[in-house]
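Here is the structure we will look at.
The first residue of the sequence shown is numbered 1, and numbering continues consecutively from there. Counting convention: from 1, in listed order, for ligands and their atoms alike. No experiment lies behind these values; they were computed from the predicted model shown. Both backbone and side-chain heavy atoms feed into the values below; hydrogens, waters and symmetry mates do not.
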Amino acid sequence: MEWLRALDLSLVQLLKTEAEKAGQPTEPLLLMAIALASHQLGRGHVCVDLATMNRKGYDALLSLPPENEDAPEYRLLPSEVLLGVSERDWADALANPLLVADASDPSAPENLPLVRDGLRLYLRRYWRYEQTIASRIEQRLARQSAIQDADSGDTRHLAEALERLFGPARPDAATDWQRVACANAARQGFSVITGGPGTGKTTTVVRLLAALQHVAMNRTNDSRQLIIRLAAPTGKAAARLNESIAGAIDNLDLKAFGDGEALRQAILTEVTTLHRLMGSIPGSRQFRHNRNNPLLLDVLVVDEASMVDVEMMAQVLDALPENAQLILLGDKDQLASVDAGAVLGDLCQRAHQGRYHASTIAWLEKISGCPIDRQFMDDQGSTLDQSITLLRHSYRFDAQSGIGQLAQAVNQAGTEDQIVAPQAVSGLFEEGYSDIARVLLPPRSAEATISAHCIDGGARYFQNEGRERQTGGKTIAPPEGYAHYLDVMKASAPGVGASQEALDQWAGGVLKAHNQFQVLCALRRGPFGVEGLNQLIAQALRDRRLIPATEGWYAGRPVLVTRNDYSVGLMNGDIGITLSLPVEAENGQGVRQILRVAFPANDGSGRIKWVLPSRLHAVETVYAMTVHKSQGSEFIHTCLVLPDRTNPVLTRELVYTGITRARHWFSLLLPDESVFREAIGRGVTRTSGLRAALEK
Ligand SMILES: Nc1ncnc2c1ncn2[C@@H]1O[C@H](COP(=O)(O)OP(=O)(O)OP(=O)(O)O)[C@@H](O)[C@H]1O
């Protein structure tokens, strides 16, 4: 069983030895279950659901074969090894009191390495994370707030704030889900606001914060300003939110509030990363803030929550003060976290159905002033369902936007009810949208086609070569490729003795130009993976003399930080560009060039952080990056390259996440159309018991 990792096998060996030492024999089937639980964790599943083991398609759920293009043909796949093993057999094998605790048995020891819940088998640590998340969310949902009483002073102030922020109520108009989301999130200690790109999550949260501050600052007996903190899982996502929040706060019309400017100041908040917020301790999985040392805040907003794994989510929930409010923002349809769990996806599984109780609808209609269609009513809905609001209208992508249409169609393709057939999604590329293009790579000249596209942006593949495109009254510049930032870098390079300000301005311009284009791909290895594409694109740039013919560090090299590095203040996912600065030679004769890597400071200030290449230990060249790594980022022109063969990594969520990284242009490069169709027909199912735990 070559598909098991060394890590899985050593865990099995360790537990087998321990059990044998204690005189408890271990059944081969139990060892297999442990190996599978460990293997699945490595693939992002919080546990293994043994009840699904013999089902068709299980090998794919196990992500087999793995993404390595050269993966050997396995002699025996799990479905073959386990042929004929029944649920009864698994249940018998798990009955091992030395290794496996039964979650339904309150007297089971709390130090056993494994926990079973029915036929779901967990490594204990992950079981604990899931339980912590479920119980902390439940506690928050059970807490009554004054706002839930429709006649309280707080509720009157909330309705008043919504009216001032959104205008007079219009019970005859279509539902304004942003307004409903504000009301819904304000009424409880835990809430989720989810929606696709441009549906107004940031706009909504800024209004929500203004409404919450207005309520808090107008309490008669305990008036005070709330301590609000905003956080995102990566530095890049935090930086993007910092920018969009600052813009949304500036644009907020607060004239209707007597104390408008004070309110604006009260919601001005810097976005930080979750790691910084929690106080990471070098070399430890623990944070300074935990249950015994809670965070000092009243409201915590976590953006890009789809990227938060179970471990981080459990630690954040544990460190929240009891009375604080937690608001998760994110796109439920995006790829889940790199590490185990799919918390946002699990929580929002039924978001599109609403499932609001009649009492919830009555309250929301009264406070928000918006009518809510009865199709969203269901008295059988869970308490969790009441806390979730889905924003359903994209303000960024209108009906003319191919990116918006494509993202929506991909999302709906291959779902149980097959709203859109995968073929119909491919058909969108032929329907005359000006912002999307598909390039079928000819087998003999695939490399040359990719190279040319990445250098000049492939405007020729877009309608009217991408010229004179108007959106929202603005003209959009045609799509660029990597030649653009390299041109900007050379054309605006400062001379010797340039001031720090001039250098920063130059670097800022180059970084902005670099953000015009990014190649994304699904895999790491192979000619269509990060490694192959990085080499191909770098070579093409060298051949055109756009970058020097040197390996290692050179002017123009874009790098991606792959690990948080607190000593230089860089976070996983940060992108910097290597620049060559002219300095006077020490002997005063002539000029020499020194290399520095310029990163955006990522604090919304627009400042530049200059780092010596030798101080960067975990970076890689980033002409191409995986879609996974691109989460939380956005590029003006995003180019997604798919491989020539299908692979379990290629899923609907991956394609959707890739498309939604594009702001104005999206191009899809692929050797084989069927790979795209198969990818969007395959959804990611991450096994977890979170939803079940919350609905018990
Ligand atoms: N109610 C609205 N009316 C008009 N324009 C709006 C409204 N809500 C949002 N917008 C505009 O739509 C764009 C996207 O909004 P916003 O950035 O809040 O969305 P988002 O969901 O946070 O996007 P992202 O995909 O970046 O996460 C912005 O330009 C914003 O000004």
Residue, atom and distance of the protein heavy atom nearest atom 24 (P) of ligand 1 read Arg396 NH2, 3.6 Å
Under 4.0 angstrom from ligand 1, any heavy atom of Glu304?
no
Would you say the ring centroid of Tyr482 lies under 6.0 angstrom from that of His637?
no
Please confirm whether Arg661 makes a cation-pi placement over Phe635, using NZ or CZ under 6.0 Å from the six-membered ring centre and within 45° of the ring normal.
no
Below 6.0 angstrom between ring centroids: does that apply to His393 and Tyr395?
yes
Compute the ring centroids of Phe376 and Trp177, then answer whether they are less than 6.0 Å apart.
yes
Heavy-atom gap Gly195 to ligand 1 smaller than 4.0 Å:
no
Indicate, as side chain, backbone, both or neither, the part of Pro197 found under 4.0 angstrom from ligand 1 when only non-hydrogen atoms are considered.
both
Where is the nearest protein heavy atom to atom 20 (P) of ligand 1: which residue, which atom, and how far?
Lys201 N, 3.4 Å
One should read off an interatomic distance between Lys629 NZ and Thr562 OG1, to the nearest 0.5 angstrom, of 6.0 Å
Centroid-to-centroid, Phe287 to His275, below 6.0 Å?
yes
Considering non-hydrogen atoms of the protein only, which is the closest contact for atom 19 (O) of ligand 1, and what is the distance?
Gly200 N, 3.0 Å
For the residue pair Asp435 and Ser401, confirm or rule out a side-chain donor-acceptor distance under 3.5 Å.
yes
To which protein heavy atom is atom 22 (O) of ligand 1 closest, and what is the distance rounded to 0.1 Å?
Thr202 OG1, 2.5 Å
min-distance protein heavy atom vs atom 1 (N) of ligand 1 -> Gln178 OE1, 3.0 Å
Closest to atom 5 (N) of ligand 1 among protein heavy atoms sits Tyr395 CD2, 3.6 Å
Please state which protein non-hydrogen atom is closest to atom 14 (C) of ligand 1 and give its distance, to 0.1 Å?
Gly198 CA, 3.7 Å
Is the cationic atom of Arg207 (NZ for Lys, CZ for Arg) positioned less than 6.0 Å from the six-membered ring centroid of Phe166 and within 45 degrees of its normal?
yes
re atom 9 (C) of ligand 1, the protein heavy-atom contact at minimum distance is Thr203 OG1, 3.3 Å
Using a plain distance cutoff, I'd like to know if Thr204 has any nitrogen or oxygen under 3.5 Å from a nitrogen or oxygen of ligand 1.
no
Can you confirm whether or not the ring centre of Phe517 sits under 6.0 Å from the ring centre of His484?
no
Side chain or backbone, does Glu634 bring an N or O within less than 3.5 Å of an N or O on ligand 1?
no
Looking at atom 26 (O) of ligand 1, would you say a protein heavy atom lies below 4.0 Å from it?
yes
